[in-house]
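Because the structure is a prediction, the values reported are computed rather than measured. Within every chain, numbering begins at 1; the chains are lettered A, B, ... in the order of the sequence lines, protein sequences first and strands thereafter.
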Protein chains: 2
Amino acid sequence: MEGSVQHEERKWDTRRQRKQLKIDQARQYTDGVVIPTQDIIKVLETLITPGDRVVLEGNNQKQADFLSRSLAQTNPNVLNNLHMIMPSVGRSEHLDLFEKGIAKKLDFSFAGTQSLRISQLLEDGLLEVGAIHTYIELYSRLLVDLIPNVVLSAGFKADRHGNIYTGPSTEDTPALIEPAAFSDGIVIVQVNELVDDVTDLPRVDIPASWVDFVVVADKPFYIEPLFTRDPKHITSMHVLMAMMAIRGIYERHNVQSLNHGIGFNTAAIELILPTYGESLGLKGKICRNWTLNPHPTLIPAIESGWVESVHCFGTELGMEKYVAARPDIFFTGRDGSLRSNRMMCQLAGQYAVDLFIGATLQVDGQGHSSTVTKGRLAGFGGAPNMGHDPRGRRHATPAWLDMRLSGATETDTYLARGKKLVVQMVETFQEGGKPTFVETLDAVDVAKKANMPLAPIMIYGDDVTHLLTEEGIAYLYKAGSLQEREEMIAAVAGVTEIGLKQDPKTTERLRRDGLVVFPEDLGIRRTDATRELLAAKNISDLVAWSDGLYQPPAKFRSW
Amino acid sequence: MEGSVQHEERKWDTRRQRKQLKIDQARQYTDGVVIPTQDIIKVLETLITPGDRVVLEGNNQKQADFLSRSLAQTNPNVLNNLHMIMPSVGRSEHLDLFEKGIAKKLDFSFAGTQSLRISQLLEDGLLEVGAIHTYIELYSRLLVDLIPNVVLSAGFKADRHGNIYTGPSTEDTPALIEPAAFSDGIVIVQVNELVDDVTDLPRVDIPASWVDFVVVADKPFYIEPLFTRDPKHITSMHVLMAMMAIRGIYERHNVQSLNHGIGFNTAAIELILPTYGESLGLKGKICRNWTLNPHPTLIPAIESGWVESVHCFGTELGMEKYVAARPDIFFTGRDGSLRSNRMMCQLAGQYAVDLFIGATLQVDGQGHSSTVTKGRLAGFGGAPNMGHDPRGRRHATPAWLDMRLSGATETDTYLARGKKLVVQMVETFQEGGKPTFVETLDAVDVAKKANMPLAPIMIYGDDVTHLLTEEGIAYLYKAGSLQEREEMIAAVAGVTEIGLKQDPKTTERLRRDGLVVFPEDLGIRRTDATRELLAAKNISDLVAWSDGLYQPPAKFRSW
């Protein structure tokens with residue numbers, strides 16, 4: 001009965017035993033769950049083991065930077081070969097970990113400013129990429145095949161039991177902590193301030209039963225105002241495109257709920273709702289429910305009564321007081337401040353809204369798009385989660401149903417589903433005169449060089465329902481074939497090579513058939529598209545709209 | 001400046017004011033956050049307003065049944081026209097609400113046993129359906145356009161501050177409570193037991209800052225053992241199909257992570273992993289990470305070392321002790337018991353696993369399937385979330401990449417994405433001799449009769465990658481055209497009308513081309529497929545495998 005002996009010998013709580021041992025060892029330095037600030041490095045060296053899977057909260061905006069800086073200062077002879085899992089790789093010490101040999105493998109979602117250095121470290125053999133994910137699939141894998149050993153997270157305040165108040169920057173914290181807290185992983189949270197008791201916390205975002213240690217950071221966690229767009233940079237071309245979006249997409253398809261990407265194009269839409277949108281009599285009829293960070297450029301639309309609700313991925317620096325003063329619109333806690341939640345907002349943006357609209361850097365002839373450019377492994381963030389048709393959706397809304405092409409028979413029509421509206425809004429040329437429309441995306445080359453199995457495509461062509469440029473709108477969801485799709489794209493590609501190859505007669509036919517519209521087809525005069533339509537022309541105007549509640553970060557204060 | 005006057009007059013905290021007023025009114029009956037059990041009806045009449053959106057936790061398994069029974073006893077003159085939002089409509093009082101006029105509108109995901117009565121109430125004009133959703137989109141809409149006024153939820157224990165211990169049945173609770181707690185909605189949780197202080201709770205699943213009132217129920221909340229399948233009902237045909245699944249799908253595509261639906265077919269797979277799977281040398285090579293409720297039929301595979309991890313949507317009655325004794329495998333809290341989470345597990349099952357496999361009641365010639373049959377509005381539950389290709393996914397696994405068809409050019413291949421494996425596993429005839437394969441799904445008729453805009457399809461044909469019957473496997477992801485897909489489906493449709501219409505020569509060609517395989521093509525002899533391969537042949541065997549830790553509910557104890 002050898003099998004039966006083996007069966008009896010199997011231990012089923014190895015993770016729990018290991019965790020208990022480590023916590024016992026760390027207790028010599030800690031005061032209960034509180035790690036003294038100056039002891040963080042040796043405590044990290046005690047709690048983490050070489051080869052561990054370590055989740056580090058580098059979010060889109062909020063950074064557990066005291067913990068990342070401290071981890072980078074640990075001794076590589078003690079801590080090495082860590083497998084880092086990070087939503088966002090945004091700080092230089094994130095990559096110092098690899099240069100020093102503390103970490104070896106990286107699973108991530110978004111890199112931004114560090115993308116060039118990731119490519120370099122990869123080439124030098126100092127870093128190995130597990131995979132590049134969207135946010136939501138990265139969180140998901142923490143529950144499946146990337147179960148973490150340690151999570152390093154950040155909040156505003158903690159009490160001495162480990163209850164955490166995240167403040168408005170809840171962001172990824174719940175999604176990152178739960179997988180570790182319930183798999184005998186170790187959860188360490190840096191906070192700006194320690195209080196004695198739970199009654200001293202404004203509210204509890206993460207209960208103490210999920211948290212093993214807290215540590216007061218040397219300085220408040222870093223947070224980046226990533227979603228602030230100064231209206232002064234919005235051009236009349238942006239206004240023209242915004243007018244087309246409202247007239248040719250939002251109004252036409254009856255778009256009730258939506259997500260906007262970041263960019264001056266979508267900021268322009270937000271800013272002309274109270275002017276142009278109002279003149280069309282659309283208030284209360286479109287754009288009511290939003291999944292969106294608290295964009296300052298949304299303030300005029302909120303103040304003039306366009307917006308019923310906004311659920312947020314994260315917060316935005318400077319918007320704290322404004323959000324807290326508008327609880328009918330934003331999701332706020334009993335303490336009055338925002339509760340953001342990136343996992344839930346990504347879900348909402350994926351499954352509950354009519355439309356996603358965003359910009360990109362390159363689009364190919366078939367409509368595939370990517371923000372990856374030469375030499376940069378930038379990653380995906382959340383755009384692909386928003387920018388695809390969620391085929392697991394089953395409820396209908398007017399906009400969703402409007403994407404349905406009628407079937408050959410009545411039964412076919414009952415079997416045809418609607419689609420999420422996925423709009424790419426791009427100028428035909430980027431700043432510096434680079435064409436947006438290209439034969440082959442740079443992403444293909446990046447994939448080949450980095451030995452990736454497939455190109456890092458942000459949004460696939462067959463998921464795009466509308467392509468909007470300063471030339472016009474291509475209603476791609478109506479394309480009957482790949483060839484027709486390509487013709488429709490070329491029709492709005494302007495004087496890029498892809499646009500110039502098109503026979504003007506083809507474009508004329510597409511316009512006649514309603515597959516492509518130009519501004520004049522929508523009753524929009526190009527000369528009407530001026531900055532005069534912007535409800536706020538600069539940051540100072542936004543402050544005024546907010547009755548002084550919006551407090552822009554210093555770098556946006558130019559008056 | 002009329003505009004400016006209006007602007008100043010707008011109130012931004014109407015929900016908060018209204019909530020405070022209601023809470024003040026209810027305080028005459030309550031002891032802090034504790035509602036006395038006998039006062040629940042008048043407190044509900046105080047806290048809820050006619051027309052309110054009320055979320056009622058009827059989950060797949062767990063039911064806030066004290067609250068639903070109490071709500072059904074309120075006075076329709078006081079409370080009426082409620083808009084009920086419920087993941088699962090499973091109890092008769094859920095529909096009594098509509099019969100009595102307390103509620104008017106219903107948004108839901110799954111109805112099961114109550115589906116016939118829903119159709120009847122709909123016909124009688126007593127009930128209006130908002131929409132039928134999958135679980136995940138229902139949760140999502142709570143953050144967008146179905147923001148709740150009141151949430152009625154259930155947990156095991158609460159303290160006098162409102163901290164909640166859900167026990168292993170966390171299920172939908174976090175997904176339902178957060179949207180209300182942070183939008184000035186009112187959160188009421190029924191519990192089986194009240195303790196004084198947070199230190200008396202085994203752990204905290206929902207912090208008190210999110211909860212307004214708790215009430216001790218008259219009896220423990222109802223929970224249904226929905227995922228228990230007694231192996232004694234597994235037939236040799238199920239075993240044959242399970243062998244094909246392992247050999248022709250799991251092994252062939254290198255399936256590491258997966259979700260199984262409920263049913264005897266998939267239970268058979270679970271039960272032959274330790275026998276047939278072992279004989280193929282596949283242990284440790286496939287089926288390692290699971291997103292799955294704690295199916296009792298998974299015990300032998302766990303005990304023999306096949307399973308690395310299981311993340312659960314909910315719990316399963318009788319499995320509590322077993323799960324608690326296997327913390328390396330299951331997600332458990334510091335108290336030792338399971339933390340389930342349907343929202344997170346749905347996400348993981350959607351975005352992080354290689355394969356979904358499930359059964360259905362009807363499949364049409366194009367591969368669309370539905371569990372809706374005549375007169376029943378059963379809803380969707382979570383299957384469509386698992387059973388589609390999540391096009392927002394960007395990370396690759398071997399199985400996912402294996403679904404990619406090579407492109408015409410190298411660039412095309414870099415632009416082609418993989419797919420989630422979505423397997424439909426059905427016998428060609430259902431019990432009672434009804435054919436599974438039909439010309440037109442009953443769902444189409446149901447949609448017409450109920451004035452639904454489209455048919456309630458569980459899984460769409462173009463999302464199905466594999467169709468597995470007792471005849472063989474159709475590798476539908478390889479279909480080059482709709483016609484070829486139809487031929488492949490017919491090839492495994494047996495002696496149903498759809499199968500009989502097929503020219504046997506076509507089937508032969510499909511087998512030659514590797515688009516369809518029969519058992520013999522996989523080296524499986526039909527005579528080898530016997531119940532002898534089941535690692536457990538009945539519930540008692542499962543108990544033995546678990547060393548007595550699995551404690552089946554009475555109705556499954558037949559020895």
Side-chain angles (χ1 to χ4, degrees), chain A residues 7 12-16 131-134 136-137 140-141 143-145 147 182-184 203-204 207 209 257 289 291 303 309 311 325-328 331-334 339 344 347-348 351-353 368 380 384-385 388-389 391-396 401 411 414-415 417 440 444 447 453-455 463, chain B residues 7 12-16 131-134 136-137 140-141 143-145 147 182-184 203-204 207 209 257 289 291 303 309 311 325-328 331-334 339 344 347-348 351-353 368 380 384-385 388-389 391-396 401 411 414-415 417 440 444 447 453-455 463:
Chain A
H7 176 181
W12 297 97
D13 59 351
T14 58
R15 284 177 63 97
R16 183 171 297 168
I132 313 181
H133 312 72
T134 60
I136 220 166
E137 65 194 279
S140 297
R141 289 191 67 194
L143 303 164
V144 180
D145 59 350
I147 298 171
F182 294 94
S183 66
D184 293 308
R203 72 173 190 240
V204 174
S209 345
S257 51
N289 305 105
T291 57
E303 294 300 308
S309 69
H311 189 267
R326 299 290 178 267
D328 278 354
F331 284 74
T332 57
R334 260 184 216 175
R339 161 100 174 179
M344 285 183 128
L347 258 190
Y351 268 111
V353 306
H368 301 306
F380 300 111
N385 296 136
H388 79 281
D389 180 41
R391 297 160 72 97
R393 169 174 168 167
R394 292 293 181 272
H395 76 278
L401 281 177
T411 296
Y414 274 103
L415 292 172
R417 43 185 154 180
T440 305
V444 172
L454 66 178
D463 276 324
Chain B
H7 175 179
W12 297 97
D13 59 351
T14 57
R15 286 177 62 96
R16 183 170 297 167
I132 312 180
H133 312 72
T134 61
I136 221 167
E137 65 195 278
S140 298
R141 290 190 66 194
L143 303 164
V144 179
D145 58 351
I147 297 171
F182 294 95
S183 66
D184 293 308
R203 71 173 191 240
V204 174
S209 342
S257 51
N289 305 106
T291 57
E303 293 300 306
S309 69
H311 189 267
R326 300 289 179 266
D328 279 354
F331 284 74
T332 58
R334 262 184 215 173
R339 161 101 174 178
M344 284 183 129
L347 256 191
Y351 267 113
V353 306
H368 302 305
F380 300 111
N385 295 136
H388 79 281
D389 180 40
R391 297 160 73 97
R393 169 175 169 167
R394 292 293 181 271
H395 77 279
L401 280 177
T411 296
Y414 275 103
L415 292 173
R417 44 185 153 178
T440 304
V444 172
L454 66 179
D463 276 325

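- Of the listed residues B:Glu137, B:Arg393, B:His311, the one with more heavy-atom pairs under 4.5 angstrom with chain A than any other is B:Glu137.
- Counting heavy-atom pairs under 4.5 Å between each of B:Ser183, B:Ala131, B:Gly392 and chain A puts B:Gly392 at the top.
- Between B:Ile132 and B:Phe380, the shortest heavy-atom contact is O-CE1, 3.6 Å.
- Under the 4.5 Å side-chain criterion, counting only non-hydrogen atoms from C-beta, B:Val444 is in contact with A:Leu415.
- B:His388 touches chain A through its side chain: at least one heavy atom from C-beta onward sits under 4.5 Å away, while N, CA, C and O do not.
- Taking the six-membered ring where the residue is Trp, B:His133 and A:His395 present tilted rings, their angle falling between 30° and 60°.
- Proximity to chain A is limited to the side chain of B:Thr291, based on heavy atoms less than 4.5 angstrom apart.
- By number of non-hydrogen pairs under 4.5 angstrom with chain A, the leading residue of B:Pro453, B:Ser257, B:Ser309 is B:Pro453.
- Contact of B:Thr440 with chain A is made through the side chain alone, with heavy-atom distances under 4.5 Å.
- In terms of heavy-atom pairs under 4.5 angstrom with chain B, the leader among A:Asp145, A:Asp184, A:Thr332, A:Thr134 is A:Thr332.
- Shown here for A:Arg16 and B:Pro327, the closest heavy-atom pair between the two residues is NH2-CB, 3.4 Å.
- The two atoms that bring A:Tyr351 and B:Ser140 nearest to each other are CB-OG, 3.8 Å, heavy atoms only.
- Of all the heavy atoms in B:Phe182 and A:Gly333, the pair that sits closest is CD2-CA, 3.4 Å.
- For B:Leu143, the parts lying under 4.5 angstrom from a heavy atom of chain A are both the backbone and the side chain.
- The greatest number of non-hydrogen atom pairs below 4.5 Å with chain A, out of B:Thr411, B:Val204, B:Leu401, is found for B:Val204.
- The heavy-atom pair separating A:Leu347 from A:Ile136 by the smallest distance is N-CD1, 3.9 Å.
- Contact tally against chain B (heavy-atom pairs below 4.5 Å) for A:Arg203, A:Met344, A:Arg391: the top residue is A:Arg391.
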